[in-house]
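The residues of the chain are indexed from 1 along the displayed sequence. Side chains are part of it too, since the values below use all heavy atoms of this structure and drop only hydrogens, waters and symmetry mates.
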Amino acid sequence: MIKLQNEDGCQELPVIDLAGLMSKDEGARAKCASEIAVASSEWGFFQVVNHGISPKLLSQMRKEQIELFNASFSRKSTCGLLNNSYRWGTPTATAPDNFSWSEAFHIPLAKISDQSCYGEFSSLREVLVEYAAAMQKVARQLAEVLIKNLGQEFEEFEEMIKYDESTCFLRLNRYPACEISPEIYGLVPHTDSDFLTILHQDQVGGLQLIKDSKWIAVNPNKDALIVNIGDLFQAWSNDLYKSVEHKVMGNPKMERFSVAYFLCPSYDSLIKSCRQPPIYTNFTFAQYRAKVHEDSRLFGRKFGLSRFLRS
């Protein structure tokens with residue numbers, strides 16, 4: 001695991017070389033797996049290099065994404081593009097501090113191959129199909145390491161949670177330059193409601209996460225993908241892995257782009273702690289999503305796992 005230092009000497013996100021998982025040397029594979037597990041426990045966030053996704057594909061995805069977001073608002077919001085998944089800002093916001101200065105397409109994997117979703121953006125389909133498959137491969141590789149670290153069989157885990165293309169999704173993000181206020185969020189502080197998230201961001205910066213009760217800015221690394229643990233893995237691991245609050249700060253002069261892949265189970269999958277005594281009650285993914293949506297509607301934000309703590 002590579003440790004980076006910023007200018008004031010503070011430790012930054014771990015960088016893990018995934019080539020170790022493919023090594024013929026058993027010790028190298030074990031070392032890489034241990035680094036993934038430790039980072040998931042101590043940070044909840046880490047970066048991966050040599051992840052197997054070609055720079056060409058990442059570049060093509062960014063090009064298509066920029067072209068898509070450069071379309072007019074009316075075209076993005078009314079033409080049925082990408083399963084009508086376009087969103088701007090935060091419709092459920094009840095105060096300025098829970099409004100996100102961003103726009104996004106939130107696309108279920110089940111719709112990515114559907115030609116009718118693309119309209120005039122036909123070249124986007126081929127890139128998204130390839131991109132989603134590549135991200136799924138990396139996500140499965142990381143999930144297998146984390147499940148085996150818990151002493152479970154990965155095949156059994158997959159059978160229990162049943163990856164579902166209607167619930168796994170990609171989110172294409174654009175954060176426009178925001179000159180209104182330096183305190184406006186590009187994306188409000190939150191945790192992710194999935195097992196894990198894989199993010200490819202540009203070089204603008206703005207992503208921050210909580211570490212030791214302090215906000216830490218993530219310096220962009222053009223060769224790395226960012227991985228973070230979601231709420232479901234924290235519950236499943238009985239708090240061994242950490243789903244960490246993170247946010248995106250707006251930039252007054254530059255727009256920012258990113259693409260996130262979210263590894264989610266089927267809606268009827270039962271999420272239960274794998275260790276005793278369990279910290280959380282058992283719940284299905286559908287129940288969790290429903291509670292998150294209810295809290296967002298009533299209070300403008302999610303409360304997440306705290307809603308499912310055992311009394």
Side-chain angles (χ1 to χ4, degrees), residues 53-54 56-92 100 102-143 158 161-175 187 190 192-201 225 227-228 230-232 257-269 284-290 292-293 296 302:
I53 301 179
S54 74
K56 180 180 178 181
L57 176 59
L58 295 174
S59 177
Q60 288 175 324
M61 182 70 256
R62 184 55 36 78
K63 177 179 177 294
E64 294 287 347
Q65 179 183 10
I66 291 173
E67 182 178 342
L68 174 66
F69 279 112
N70 280 342
S72 68
F73 178 79
S74 61
R75 286 167 64 198
K76 288 181 287 192
S77 60
T78 63
C79 68
L81 191 63
L82 295 177
N83 194 42
N84 282 311
S85 63
Y86 178 76
R87 59 187 66 181
W88 163 256
T90 311
T92 57
S100 294
S102 61
E103 58 177 336
F105 286 91
H106 197 78
I107 318 158
L109 295 195
K111 290 294 182 178
I112 284 178
S113 61
D114 185 348
Q115 288 184 325
S116 66
C117 288
Y118 290 88
E120 63 197 89
F121 298 94
S122 57
S123 61
L124 175 61
R125 178 179 176 272
E126 181 179 346
V127 175
L128 267 181
V129 168
E130 185 179 357
Y131 187 91
M135 283 293 179
Q136 278 185 297
K137 183 177 179 180
V138 176
R140 187 180 187 279
Q141 187 178 37
L142 294 170
E158 286 190 307
I161 70 156
K162 294 182 173 63
Y163 300 150
D164 191 329
E165 287 194 343
S166 68
T167 53
C168 289
F169 55 88
L170 286 176
R171 182 182 172 106
L172 311 183
N173 300 304
R174 173 180 175 257
Y175 302 92
L187 190 60
H190 67 286
D192 289 348
S193 303
D194 62 353
F195 274 100
L196 58 82
T197 305
I198 303 176
L199 180 77
H200 179 236
Q201 63 172 350
L225 301 174
V227 181
N228 68 275
D231 297 342
L232 303 187
F257 293 93
S258 68
V259 182
Y261 168 88
F262 298 88
L263 179 66
C264 301
S266 62
Y267 281 114
D268 61 355
S269 294
T284 66
F285 184 44
Q287 290 171 329
Y288 194 74
R289 287 287 298 272
V292 167
H293 289 158
S296 296
K302 66 175 277 191

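The minimum heavy-atom distance between A104 and N173, with the atom names listed, is CB-OD1, 3.6 Å. Here the closest heavy-atom approach between residue Y86 and residue K76 is recorded as CB-O, 3.3 Å.
Using a 4.0 Å cut-off between charged side-chain N and carboxylate O, D231 and K302 make a salt bridge.
Interatomic distance, D192 CG to R171 CZ, rounded to the nearest 0.5 Å: 9.5 Å. Annotation: the span from L170 atom CG to K111 atom NZ amounts to 15.0 Å, rounded to 0.5 Å. Atoms SG and CD1, on C168 and I107 in that order, are 13.5 Å from each other to the nearest 0.5 Å. A distance of 8.5 Å separates CH2 in W88 from CZ in F73, rounded to the nearest 0.5 Å. Atom CG of residue L82 and atom CG of residue D114 lie 10.0 Å apart, to the nearest 0.5 angstrom. Annotation: the span from H190 atom NE2 to S100 atom OG amounts to 8.0 Å, rounded to 0.5 Å.
Looking at heavy atoms from C-beta onward, Y118 lies in side-chain contact with I112 at the 4.5 angstrom threshold. In this structure, the side chains of Q136 and Y163 stay at 4.5 Å or more apart for every pair of heavy atoms. Counting heavy atoms from C-beta on, the side chains of Q65 and N70 never come closer than 4.5 Å. Residues Q60 and E126 have side chains not in contact (no heavy-atom distance under 4.5 Å, counting atoms from C-beta outward). T284 has its side chain out of reach of R289: every pair of non-hydrogen atoms, C-beta onward, lies at least 4.5 Å apart.
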Side chain to side chain donor-acceptor pair (under 3.5 Å) for N83 and S85? Distances and angles first, verdict last.
CA-CA 5 Å; N83 194 42; S85 63; over 6 Å; no
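Judged by distance alone, the side chain of R125 and the main-chain N or O of S113 form a donor-acceptor pair under 3.5 Å.
When each of L263, V259, L225 is paired with M135, the side-chain contact (heavy atoms from CB on, under 4.5 Å) condition holds for L225 and for no other.
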